[in-house]
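For reference, the structure discussed in these notes is given below.
On a predicted model such as this, the values are computed, not experimentally measured, just so you know.
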Amino acid sequence: MQDDAWSPPPVLLTVDLVILTLREGRLHVLVVERGEAPFRGMPALPGGFLNHEREEILDAAHRELNEETALASSWVHLEQLAVYGESNRDPRGRVVSVAHLAIAPGLPDPVAGTDATDASWIPAEAVLSGEVELAFDHRRIATDGIEHARTKLEFSSLATAFCAKEFTIAELQQVYEAVWGTALDTRNFYRKVQAAKGFIIPVGTDRRTTGGRPARLYRAGPKTVLFPPLIQPATSATEENPEEE
């Protein structure tokens, strides 16, 4: 008996973006309001299908990033995050998403893309807590992106992607505090940053802070791997298990 001819199953490919920035000292993620089914009217991560079969995945991510933020990719840190391909993640059929993490300082108010009716920045904590419900499996993707950023801040120079070209150590500390969601001791942070050789380098000019001493300006250094690393403080037992009153 001759076996039936095999043909590959139809699988669609999308790119989704976890776009992070700091606004008013808090970590925010970009979401769009879906204008089409499925999940019409629900917030979701920006993204979409490939334009055509020859479009490279990274090119598609850059295109979606430009459409959602109107920023050139050279201004933004962009990296592949993970692949999400559970068979039931999309009611339209088998859809595999190649998610990317994008980070830039001071991103502007977003403009909705072609298949969205609105776009906005929401606090990352609102996504992590489930206060804002996202379409598809986008809460999981966003959570993975935020956790990836938190971990990568410990061992890499990723924090500088949240900063302007020139920044103070106080501004760099604000990045760590916003992404990690915890206050840091200023003197201890300064010591650890200075110990990580090549992490940041002075630019030779000072900027006077309001009502304070001149603050030295820095820029990202040549090292992308931090040694020693800046380890995220462990959550205290009091925070994890508050005593009942």
Side-chain angles (χ1 to χ4, degrees), residues 3-21 28-122 127 134-149 151-152 156-158 160-162 224:
D3 293 337
D4 295 335
W6 178 86
S7 60
V11 178
L12 299 174
L13 187 65
T14 66
V15 293
D16 288 309
L17 299 173
V18 182
I19 304 175
L20 303 178
T21 195
H28 282 68
V29 59
L30 181 65
V31 299
V32 298
E33 182 180 322
R34 288 188 55 79
E36 301 176 354
F39 304 109
R40 183 193 301 271
M42 285 191 63
L45 295 176
F49 292 98
L50 300 185
N51 260 350
H52 49 80
E53 64 179 7
R54 291 188 177 275
E55 184 178 32
E56 299 294 342
I57 294 174
L58 184 58
D59 291 340
H62 283 299
R63 172 177 54 77
E64 291 289 343
L65 178 64
N66 182 261
E67 290 177 359
E68 300 296 344
T69 66
L71 287 180
S73 59
S74 59
W75 288 67
V76 180
H77 171 89
L78 181 67
E79 64 176 86
Q80 185 172 314
L81 176 63
V83 175
Y84 300 84
E86 285 77 1
S87 59
N88 61 349
R89 64 178 301 272
D90 193 315
R92 292 169 293 188
R94 188 66 184 271
V95 180
V96 176
S97 172
V98 183
H100 290 72
L101 176 66
I103 296 171
L107 290 179
D109 291 333
V111 178
T114 56
D115 60 349
T117 58
D118 193 15
S120 61
W121 294 104
I122 62 173
V127 174
L134 301 185
F136 305 103
D137 56 352
H138 286 186
R139 180 187 175 193
R140 174 191 172 191
I141 297 175
T143 299
D144 288 349
I146 294 168
E147 290 301 325
H148 178 75
T151 300
K152 198 166 181 179
S156 79
S157 60
L158 181 66
T160 59
F162 286 96
T224 58

- prompt: Would you call I103 and L101 a side-chain contact if the rule is heavy atoms closer than 4.5 Å?
  reply: yes
field: L107 side, atom CG; I19 side, atom CD1 - distance, nearest 0.5 Å
entry: 7.5 Å
field: side-chain hydrogen bond (donor to acceptor under 3.5 Å, both in side chains) against H148, all qualifying residues, sequence neighbours excluded
entry: E79
- request: May I ask you to test the T21-W121 pair for a side-chain heavy-atom distance under 4.5 Å?
  value: yes
- request: Under the side-chain contact (heavy atoms from CB on, under 4.5 Å) rule, collect the residues that match up with P43, sequence neighbours excluded.
  value: V31, V132, L134
- prompt: Can you list every side-chain hydrogen bond (donor to acceptor under 3.5 Å, both in side chains) pair that touches residues 95-107, not counting sequence neighbours?
  reply: D16-S97
- request: Decide side chain to side chain contact (heavy atoms under 4.5 Å, CB included) for T224 and S157; before the verdict, give the C-alpha distance in whole Å, the side-chain angles of both, and the deciding distance to 0.1 Å.
  value: CA-CA 5 Å; T224 58; S157 60; 4.1 Å; yes
task: With sequence neighbours excluded, give me every salt bridge (charged side-chain N to carboxylate O under 4.0 Å, His left out) pair touching residues 38-60.
output: E55-R63
Worked check of side chain to side chain contact (heavy atoms under 4.5 Å, CB included) between V18 and L20: CA-CA 6 Å; V18 182; L20 303 178; 4.0 Å; yes
query: What residue pairs, at least two apart or across chains, pass side-chain hydrogen bond (donor to acceptor under 3.5 Å, both in side chains) with a residue in residues 85-96?
result: E86-R140, R89-D137, D90-R92
statement: Closest heavy-atom pair, A99 versus I141, reported as atoms and distance to 0.1 Å, is CB-CG2, 3.7 Å
message: In the structure I gave you, are the side-chain heavy atoms of I146 and D144 within less than 4.5 Å of one another anywhere?
response: no
query: What distance do L50 atom CG and I57 atom CD1 have between them, rounded to the nearest 0.5 Å?
result: 6.5 Å
task: Decide yes or no for H62 and L58: does some side-chain heavy atom of the first lie under 4.5 Å from some side-chain heavy atom of the second?
output: yes
field: S120 OG to H28 NE2 distance, which is reported to the nearest 0.5 Å
entry: 9.5 Å
- line: Hits for ring pair (Phe, Tyr, Trp, His ring centres under 6.0 Å) against F136, two or more places apart or cross-chain, chain-then-number order -> F39, H138
message: Less than 4.5 Å apart, side chain to side chain, heavy atoms only: is that true for P38 and M42?
response: no
task: State, yes or no, whether a side-chain contact exists between L17 and L78 at a heavy-atom distance under 4.5 Å.
output: yes
message: Walk me through whether V127 and I122 qualify under side chain to side chain contact (heavy atoms under 4.5 Å, CB included).
response: CA-CA 8 Å; V127 174; I122 62 173; 3.3 Å; yes
